[in-house]
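Input: a single structure, listed below in structure tokens.
Letters A, B, ... mirror the listed sequences (proteins, then strands); counts begin at 1. Given the structure is predicted, the values throughout are model-derived calculations rather than measurements.
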Protein chains: 2
Amino acid sequence: MVLPRAARTQRRTRIQEEKEELILEAALDVFATHGFRGSTIDQIADVAGMSKPNLLYYFRTKDAMHRALIDRVLDSWLDPLREFDAEGNPVSEIRSYIRRKLEMARDFPRESRLFANEILQGAPHIEDELKGPLKSLVDEKAEVIRSWAKAGKIAKCDPYHLIFAIWSTTQHYADFDVQVRGVLGEERSGDGRFEDAARFLEQLFVSGLEIREGGALTGD
Amino acid sequence: MVLPRAARTQRRTRIQEEKEELILEAALDVFATHGFRGSTIDQIADVAGMSKPNLLYYFRTKDAMHRALIDRVLDSWLDPLREFDAEGNPVSEIRSYIRRKLEMARDFPRESRLFANEILQGAPHIEDELKGPLKSLVDEKAEVIRSWAKAGKIAKCDPYHLIFAIWSTTQHYADFDVQVRGVLGEERSGDGRFEDAARFLEQLFVSGLEIREGGALTGD
DNA sequence: TGATAATTTGACCGGTTGGTAAAACATTAC
DNA sequence: GTAATGTTTTACCAACCGGTCAAATTATCA
């Protein structure tokens, strides 16, 4: 039989699992650096070390590959936010959320860039996920943050924009890596910059959300 | 004569100026949403409302168009940072820098996405600018911030990461607009969100950089 | 007005792209 | 072993891509 993979529902061979894994790994490489339209099947096949028709035996279209990749990665990408605990200490929850996001930017930059490319280009393939599961999760956590502010545990602030700020500052180190390295120069572009970034961001967010009595801000 | 535009050095016709303007405008649209590799000359020609050969009469290659666009936009993109004044009041300088960057994200989202795409994909066309003029400017302003911290006018912090944080949080609203709108939902995705963002970010950075005596951070 | 230069167009080219067909080859089940 | 199934390859296609060319059209200016 020559039924292509997507048509089958069960009975996945050992070879199938291995090759699909191999392909998605290569696809992540390519899609993350060139975006969907900028990537070619030949390129992915090349990285995966197999012929194009062979690759198309496992995923029938470029679209199918991209979708499979997004599906696989999106879930784990949201894990750090899911761990955000309503019962925990607000400051340490926020602090460790920043840590986790920053670790993901360091350890999974390709995944970060995959989403960045997708969203930057209008999210044509994941619009539903954005307005569905992602929005629900953020809504839930925003409510937690709001309750903390209401209880006087952190400063009053818009919880959605707080989440956006944490996302953007941490993912920046994955998505704009070239720029960060360019600006910091050779000397400071090693692994140490992640420690520096963590220290800075924790200081910024923790003391930025601290409650202060006066509220008056002086400059000099 | 049929000398293509790039070969001439002087005597630019009225038509030339108009058409080049028209083309760059269309190119900005297309490059900003699809990245360099994902964009096609036909697409740009279509948006500009002219035929492909006609477009290529003004810019001989896709590369030339992209470069012209980058050159034109990069300079003004750095203006907000240039305005950053060493003699000013630190807090209000930082505050108004955030304002200006946020205004640019609101008023020139395509320009922001143009750079985001470029950097995300490894900055193959602007690496020199990153390590040259951009780095110099950031180095200069980082020194200003460092001196403010040393003089006790703001909290001690890594000036480079502070600048990265301001860049990422503000540009986020242009680059990840779809996501922001998806998460905030219909109700809150109007123009008001920029005011909310401005309020939040000013609070975050201003009180995040405030000097506090204790330094000990409590949670609950 | 007419000559000259500037602009626009349609037809085209070689290479690349996403994807197919069919046969060759490998693996597994019996 | 062999038959059935699963995998890989070779050859190929039509559409699209960046770019060229020469001819047609339009603007400029003496």
Of the listed nucleotides C/dG19, D/dT7, C/dT7, the one nearest the side chain of A/Tyr58: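 So the side chain of A/Tyr58 is nearest to D/dT7.
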Closest to the B/Leu56 side chain, choosing from D/dT7, D/dT20, C/dG19: D/dT20
Sub-4.5 Å side-chain heavy-atom contact between B/Asp63 and B/Arg67: no
CE on B/Met65 to CG on B/Leu56, rounded to 0.5 Å: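 Going from the CG atom of B/Leu56 to the CE atom of B/Met65 covers 8.5 Å.
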According to a strict under-4.0 Å criterion, is [X] in side-chain N/O contact with OP1 or OP2 of [N]?
X       : N     : result
A/Lys19 : D/dT8 : yes
B/Gln16 : C/dA6 : no
B/Tyr57 : C/dT8 : no

Ion pair check, A/Asp196 and A/Arg193, cut-off under 4.0 Å: no
N-O pairing of B/Glu21 and B/Arg72 below 4.0 Å: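 Yes.
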What is the separation between atom [atom1] on [X] and atom [atom2] on [N], rounded to the nearest whole Å?
X       : N      : atom1 : atom2 : value
B/Asp63 : D/dG19 : CG    : C1'   : 13 Å
A/His66 : C/dG18 : NE2   : P     : 13 Å
A/Glu18 : D/dT8  : CD    : C1'   : 15 Å
A/Lys62 : D/dA15 : NZ    : C1'   : 14 Å

Nucleic acid contacts - residues 29-55 of chain A versus DNA chain D, non-hydrogen atoms under 4.0 Å: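 Within residues 29-55 of chain A, the residues near DNA chain D are A/Ser51, A/Pro53, A/Asn54.
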A/Tyr160 and A/Asp139 side chains, donor-acceptor separation under 3.5 Å: yes
Residue pairs involving residues 174-198 of chain B (criterion ring-ring contact (aromatic ring centres under 6.0 Å, His included); sequence neighbours excluded):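 Qualifying pairs: B/His172-B/Phe176.
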